[in-house]
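Written out below as structure tokens is the structure these notes cover.
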Amino acid sequence: LQAILIFCWVYVRKYQSRRESEVISTITAIFALAVALISSALLPVDIFLVSYMKNQNGTFKDWADANVSRQIEDTVLYGYYTLYSIILFCVFLWIPFVYFYYEEKEEDDGNTCSQVKTALKYTLGFLTICAVLLLIGAFVPLDIPNKKNSTEWEKVKLLFEEFGSSHGLTALSFSISSLTVIGMLAAITYTAYGMSALPLNLIKGTTSAAYERLENTEDIEEVEQRMLRIKSKCRDGRPLSSRDRRTVQQLEERLRTLRRRERHLESIEKSWWAKFCEAIRPLKIVWGVFFIVVALLFTVSLFLSNLDKALHSAGFDSGFIILGTNLTNPLNMLLPVLQTVFPLDYILITTIVMYFIFTSMAGIRNMGIWFFWIRLYKIRRGKTRPQALLFLCMILLLIVLHTSYMIYSLAPQYVMYGSQKYLVQSNKTTDGQPGNVTTFVSKDCDADAPEDQCIVTRTYLFLHKFWFFSAVYYFGNWAFIGVFLIGLIVSCCKGKKSVIEGEVDEDDSDMSDDELSVYY
């Protein structure tokens with residue numbers, strides 16, 4: 001827990017504006033990220049517990065009777081619902097309130113009471129949406145029109161009946177599933193692009209600061225000459241035309257931006273951090289190659305998993321739910337093997353979650369925060385406004401919610417059963433002995449296993465409680481693959497990034513240059 005909080009603090013402080021930092025927004029962002037990461041940690045815990053109940057030969061351990069296994073499953077389930085309730089509180093109450101409070105603070109610096117009232121008024125809209133989702137979730141019908149011979153869905157329905165029928169828990173599950181759909185859209189937009197942009201940026205590197213400074217100096221001279229040519233028109237006392245005045249004003253703004261770039265580039269040339277980054281350039285290339293290989297591995301695994309659902313599931317009416325795997329993929333084979341050596345599977349799952357977060361952050365930083373075609377905020381190191389930081393943390397929180405389903409898509413067999421095995425009766429004839437000899441052979445848990453021999457994780461049942469959400473996730477995975485491939489092509493075609501990419505914009509004030517020593 002301490003490590004998670006330290007990571008969240010460092011992460012938020014890295015991008016937070018030093019001039020506009022606020023205590024409440026900082027605490028809110030750190031808390032939201034910590035809750036999201038802790039929630040993602042429940043997935044490997046759930047898988048480990050159901051696997052730990054059984055021996056490698058397929059038999060249950062002595063202590064793992066029916067009551068104990070049920071208590072363990074319920075504990076994991078209640079852990080999910082507790083953390084997900086906190087997530088609902090953050091998304092629909094805490095984060096909106098803090099966001100609108102600081103929006104009002106910029107417009108009305110004097111009256112704190114008025115700011116709180118206005119923030120509560122806007123937050124009430126989010127609470128209304130939450131209440132509507134809870135009401136829909138409490139009464140939405142879970143039954144679907146079954147197809148003939150749909151034995152796969154019949155088996156899943158029996159599992160859901162064991163999962164519980166409390167309307168309160170169902171309502172919470174529906175609300176979280178709705179947020180997960182939003183997280184899916186965020187993952188398609190930012191994570192898929194970041195998975196290609198981050199490794200290729202590491203491989204290509206940035207342009208030289210000295211070369212950029214030379215180009216920048218030439219641009220400054222060109223702008224100054226243009227301004228002199230325009231101003232020379234009024235040497236005889238004639239005023240400039242309105243068109244020339246507008247042009248001069250635009251050139252002055254351009255010149256201020258270029259001079260800010262000059263100061264930033266000069267600071268980078270002298271900084272020890274730039275020299276250190278140049279020294280570890282080969283290491284960055286190695287990491288870039290590693291990340292692009294991992295991204296391609298994820299994409300191939302996701303494609304095979306989705307193809308398996310398309311070919312062997314019960315179809316749209318069941319949410320493309322499938323028990324077991326017919327087309328295996330690399331990650332689905334690797335995770336059960338790693339689980340036999342504790343804690344290798346934990347390390348891999350944690351790595352996957354962290355990889356999704358870093359690639360999501362790379363995508364958000366490259367693209368900014370958008371609402372359809374309107375760019376709301378930019379995410380820049382040390383210059384991110386409190387409102388943008390809250391948006392960033394909410395998006396990352398929703399993406400981490402979707403991470404559980406992404407991992408299920410990448411390794412469905414592992415998420416369902418872990419490394420569980422069950423015993424299968426086998427009759428064979430032994431030389432020198434009359435008749436058949438009955439033996440028991442261990443087999444990996446799958447859809448054909450008896451219900452009392454293999455325990456399905458609570459995560460799997462939670463993800464598929466509503467069949468229509470499962471269908472949405474299925475199509476979302478295809479969209480994720482498509483956006484990743486498009487992002488890969490775009491990232492390959494783009495040139496090297498500027499060494500001060502995103503650090504200098506025309507809407508920056510000169511005061512922002514006072515903090516150069518903090519970053520370089």
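This one's a predicted model, so the numbers in the text were calculated from it and none came from an experiment.
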Taking the side chain from [X] and the backbone from [Y], do they hold a donor-acceptor pair closer than 3.5 Å?
X	Y	value
Asn216	Arg261	no
Ser305	Ser301	no
Ser491	Leu488	no
Asp308	Leu304	no
Thr191	Ile188	no

Aromatic rings Trp478 and Phe303: how do their planes relate, parallel, tilted or perpendicular, breaks at 30° and 60°? perpendicular
Considering non-hydrogen atoms only, spot the tightest contact between [X] and [Y] and give its length.
X	Y	answer
Ile129	Phe92	CG2-CE2, 4.0 Å
Ile357	Leu396	O-CD2, 4.3 Å
Ile38	Leu83	CG2-CD1, 3.8 Å
Arg254	Asp219	NH2-OD2, 4.2 Å
Tyr190	Met367	CD2-SD, 4.1 Å
Val12	Leu33	CG2-CD1, 4.0 Å

To the nearest 0.5 Å, tell me how far [X] [atom1] sits from [Y] [atom2].
X	Y	atom1	atom2	value
Tyr84	Leu401	OH	CG	6.0 Å
Trp9	Lys14	CH2	NZ	13.5 Å
Thr189	Ile369	OG1	CD1	12.0 Å
Leu392	Gln387	CG	CD	13.0 Å
Glu252	Gln249	CD	CD	7.0 Å
Leu265	Glu215	CG	CD	10.0 Å

Would you say Asn477 and Ser409 are linked by a side-chain donor-acceptor pair, where the criterion is simply a distance under 3.5 Å? yes
Can we call the ring centroids of [X] and [Y] under 6.0 Å apart?
X	Y	value
Tyr99	Phe391	yes
Tyr355	Phe298	yes
Phe469	Tyr405	no

Apply side chain to side chain contact (heavy atoms under 4.5 Å, CB included) to the pair Ile395 and Ile364, showing each step before the final yes or no. CA-CA 9 Å; Ile395 291 173; Ile364 296 172; 3.8 Å; yes
Tell me, with the steps shown, if Phe7 and Tyr11 meet ring pair (Phe, Tyr, Trp, His ring centres under 6.0 Å). CA-CA 6 Å; Phe7 168 79; Tyr11 199 78; 5.4 Å; yes
For Tyr377, is the OH atom crowded, meaning more than 12 foreign heavy atoms sit under 6.0 Å from it? yes
Tell me which donor-acceptor pairs under 3.5 Å the side chains of residues 274-293 have, and how far apart each pair is, sequence neighbours excluded?
{"unit_1": "Lys275", "atom_1": "NZ", "unit_2": "Glu269", "atom_2": "O", "d": "3.1"}
{"unit_1": "Arg281", "atom_1": "NH1", "unit_2": "Leu202", "atom_2": "O", "d": "2.9"}
{"unit_1": "Arg281", "atom_1": "NH2", "unit_2": "Ile203", "atom_2": "O", "d": "2.6"}
{"unit_1": "Arg281", "atom_1": "NH2", "unit_2": "Lys204", "atom_2": "O", "d": "3.2"}

Using the rule given for side chain to side chain contact (heavy atoms under 4.5 Å, CB included), can you reason through Leu410 versus Val415, listing the C-alpha separation, both sets of side-chain angles and the distance that settles it, and then say yes or no? CA-CA 9 Å; Leu410 294 169; Val415 172; over 6 Å; no
Just to verify, which of Leu49, Val76, Val50 counts as forming a side chain to side chain contact (heavy atoms under 4.5 Å, CB included) with Thr457? Val50
